[in-house]
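Below you'll find the structure, written out as structure tokens, and then a few comments.
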Amino acid sequence: MDRIVVVGASAAGLAAAEVLRREGFDGDLTLVGDERHLPYDRPPLSKQVLRGAWEPHRTALRGQEMLDALGARWHLGTRATGLDLAARHVYTAEGGRHDFDGLVIATGVTPKCLPGGNNLAGVHQLRTLDDALALRADLLTKPEVVVVGAGFLGAEAAAVAREIGLEVTLVDPLDAPLIRQFGRQIGDLVAELHRSRGVKLRLGVGVTALDTEAGRVSGVRLDDGTAVAAQLVLVSIGSTPNIGWLQGSGLSLSNGVDCDTRGWAAPGVVAAGDVANWMHPCLGVRVRVEHRLNATEQGTVAARTLLGIEQDYTPVPYFWTDQFDVRLQAYGTPDANAELTVVAGHPAVGRFAGIYSASGRVVAAIAWNMPREARELRQRVVDDLVLR
């Protein structure tokens with residue numbers, strides 16, 4: 001294997017490139033990324049960057065000297081448009097062609113948008129560094145803000161907007177924030193957290209249209225017949241895997257790039273990060289994980305697989321969210337239908353930790369402002385989810 005191409009120059013792609021070199025690959029290494037920036041960290045975008053606490057350079061995952069040491073060819077600001085598996089070519093939007101013996105697919109996801117929201121002033125999405133900077137600049141004009149979608153990203157952005165003194169409304173068709181991820185009990189606590197800080201919640205209602213005035217958003221219409229005034233709307237309603245460029249390639253594509261427990265999508269082709277849909281050997285189902293730590297861990301495994309150092313990928317997912325003065329941490333795969341049992345602290349005092357159980361197994365652990373207990377409970381998840 002003399003030529004390896006990594007498509008996707010973010011956390012998963014960078015991890016793969018670094019491991020390839022660390023494991024002794026000394027051939028031609030090419031990284032293709034559709035953003036103009038060198039690899040950076042995404043979690044701070046909805047927190048430190050949006051708040052203005054960090055300048056953009058602080059999100060960089062590596063300094064220039066470390067990137068130079070990879071001895072890689074960087075093709076940034078260019079989008080992959082096609083893959084020829086038989087000929088071993090990756091094609092890009094500017095007409096380029098990159099030949100490979102091994103390929104790492106780490107193209108991530110694209111946020112969904114509301115109908116009519118594209119190219120409408122005041123309507124934002126938050127995925128990239130440029131998105132975060134544009135949203136930050138718009139927030140500083142002190143608009144009325146509506147955040148559509150009360151998942152991790154939407155709830156975090158709503159908290160930041162409220163902390164800087166703006167009028168904020170958080171809208172979601174479900175009955176509580178984060179209910180998909182954590183179930184009713186945690187969802188209700190997150191809802192109360194936001195209400196107590198002045199965020200207006202419109203839950204159990206969907207968005208039917210965006211009102212406009214002079215080419216800019218002026219409000220959000222809801223399916224209960226009401227409307228909420230807004231000069232800024234952040235749309236955070238989920239994402240779709242970036243697999244359009246792989247259509248017709250012969251790869252199996254469903255909810256992402258289908259791969260096995262070791263990352264193989266096809267001979268000589270592996271996938272990693274948000275775009276990878278793999279069979280988790282412990283869970284017995286296909287999963288696709290959009291969390292930061294997974295990008296690094298799966299990029300590492302995929303690179304080693306490509307070099308013949310194969311191992312099953314059996315992670316215990318870890319993720320966190322910071323909202324106001326609360327850090328919510330979780331290990332495992334919380335199921336909205338699993339039973340949550342508090343084992344330390346108490347929700348009433350703003351510090352607690354608990355475990356989720358389903359079918360007689362511990363499937364996840366959660367901690368609300370109790371980081372030490374979160375790490376301790378992780379082992380219970382490992383024991384039941386991985387080692388059992």
Side-chain angles (χ1 to χ4, degrees), residues 43 46-48 50-51 126 139 144-207 220 222-224 226 228-230 232-238 291 319-357 363-374 377:
S46 60
K47 297 180 272 288
Q48 294 92 335
L50 196 57
R51 191 179 294 114
L126 182 51
L139 288 173
E144 295 173 289
V145 177
V146 170
V147 178
V148 182
F152 290 112
L153 190 64
E156 289 174 357
V160 169
R162 185 63 192 140
E163 284 177 321
I164 62 178
L166 304 182
E167 292 296 315
V168 181
T169 302
L170 182 58
V171 176
D172 197 279
L174 297 184
D175 293 333
L178 303 182
I179 196 170
R180 297 176 184 87
Q181 296 85 358
F182 297 120
R184 167 67 66 180
Q185 193 170 344
I186 298 299
D188 285 346
L189 289 172
V190 175
E192 181 53 34
L193 170 68
H194 279 259
R195 287 193 187 98
S196 70
R197 305 305 172 87
V199 177
K200 301 170 187 174
L201 299 183
R202 297 298 308 274
L203 302 174
V205 292
V207 173
V220 176
L222 305 178
D223 61 13
D224 64 357
T226 63
V228 182
L232 187 155
V233 174
L234 172 63
V235 180
S236 182
I237 56 175
H291 296 306
F319 48 102
W320 74 96
T321 178
D322 294 325
Q323 298 173 35
F324 299 107
D325 55 358
V326 169
R327 168 157 284 200
L328 186 59
Q329 298 167 275
Y331 289 96
T333 53
D335 186 329
N337 298 315
E339 182 180 354
L340 174 61
T341 302
V342 174
V343 297
H346 196 282
V349 299
R351 296 180 70 252
F352 68 94
I355 56 172
Y356 286 88
S357 302
V363 297
I366 189 170
W368 182 294
N369 281 344
M370 295 189 85
R372 181 173 62 84
E373 286 76 4
L377 289 176

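Residues take their numbers from the sequence shown, with the count starting at 1.
In this structure, the side chains of L377 and I355 come closer than 4.5 Å at one or more pairs of heavy atoms. Side-chain contact check for T169 versus V199: every heavy-atom pair is 4.5 Å or farther apart.
In this structure E339 satisfies the side-chain contact (heavy atoms from CB on, under 4.5 Å) test together with T341, sequence neighbours excluded.
Using the six-membered ring where Trp is involved, F182 and F152 have ring planes that are perpendicular, over 60° apart on the 30 and 60° scheme.
R195 contributes atom CZ, which lies 8.0 Å from atom CG of D188 (distance to the nearest 0.5 angstrom). For the atom pair CD (E144) and CD (E167), the distance works out to 7.0 Å, reported to the nearest 0.5 Å. Expressed to the nearest 0.5 Å, how far CG of L193 lies from CZ of F324 amounts to 6.0 Å. Atoms NE2 and CG, from H194 and L170 in turn, are 6.5 Å apart once rounded to the nearest 0.5 Å. Atom-to-atom distance recorded for I186:CD1 and L340:CG is 5.0 Å, nearest 0.5 angstrom. Here L126 contributes atom CG and L153 contributes atom CG; the two are 4.5 Å apart, rounded to the nearest 0.5 Å.
The salt bridge (Lys or Arg N to Asp or Glu O under 4.0 Å) contacts involving residues 323-332 comprise R197-D325, D322-R327, where partners must be two or more places apart or lie in separate chains. Among residue pairs with one or both ends in residues 155-166, those qualifying as side-chain hydrogen bond (donor to acceptor under 3.5 Å, both in side chains) are S46-E156, K47-E156, R51-E163, E156-T321; sequence neighbours excluded.
Proximity of a side-chain donor or acceptor of Y356 to a complementary backbone N or O of T333 within less than 3.5 Å is not detected.
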Worked verdict on L178 versus Q323 for side chain to side chain contact (heavy atoms under 4.5 Å, CB included): CA-CA 12 Å; L178 303 182; Q323 298 173 35; 4.0 Å; yes
Between W368 and V349, is a side chain to side chain contact (heavy atoms under 4.5 Å, CB included) present by the stated rule, with each step listed? CA-CA 10 Å; W368 182 294; V349 299; over 6 Å; no
Going through the distances and angles, do L232 and L139 end up as a side chain to side chain contact (heavy atoms under 4.5 Å, CB included)? CA-CA 8 Å; L232 187 155; L139 288 173; 3.8 Å; yes
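The nearest pair of heavy atoms linking F319 to G332 is CE2-O, 3.7 Å. Nearest approach of V147 to G154, heavy atoms of both residues: CG1-O, 3.5 Å. Closest of all the heavy-atom pairs between N369 and V326 is OD1-CA, 3.5 Å. For the residue pair A374 and A367, the shortest heavy atom distance occurs at CB-CB, 3.5 Å. A338 approaches V363 most closely through the heavy-atom pair CB-CG2, 4.3 Å. Here the closest heavy-atom approach between residue A191 and residue P177 is recorded as CB-CD, 3.6 Å.
Just one of D223, D172, D224, D175 meets the salt bridge (charged side-chain N to carboxylate O under 4.0 Å, His left out) condition when paired with R202; it is D224.
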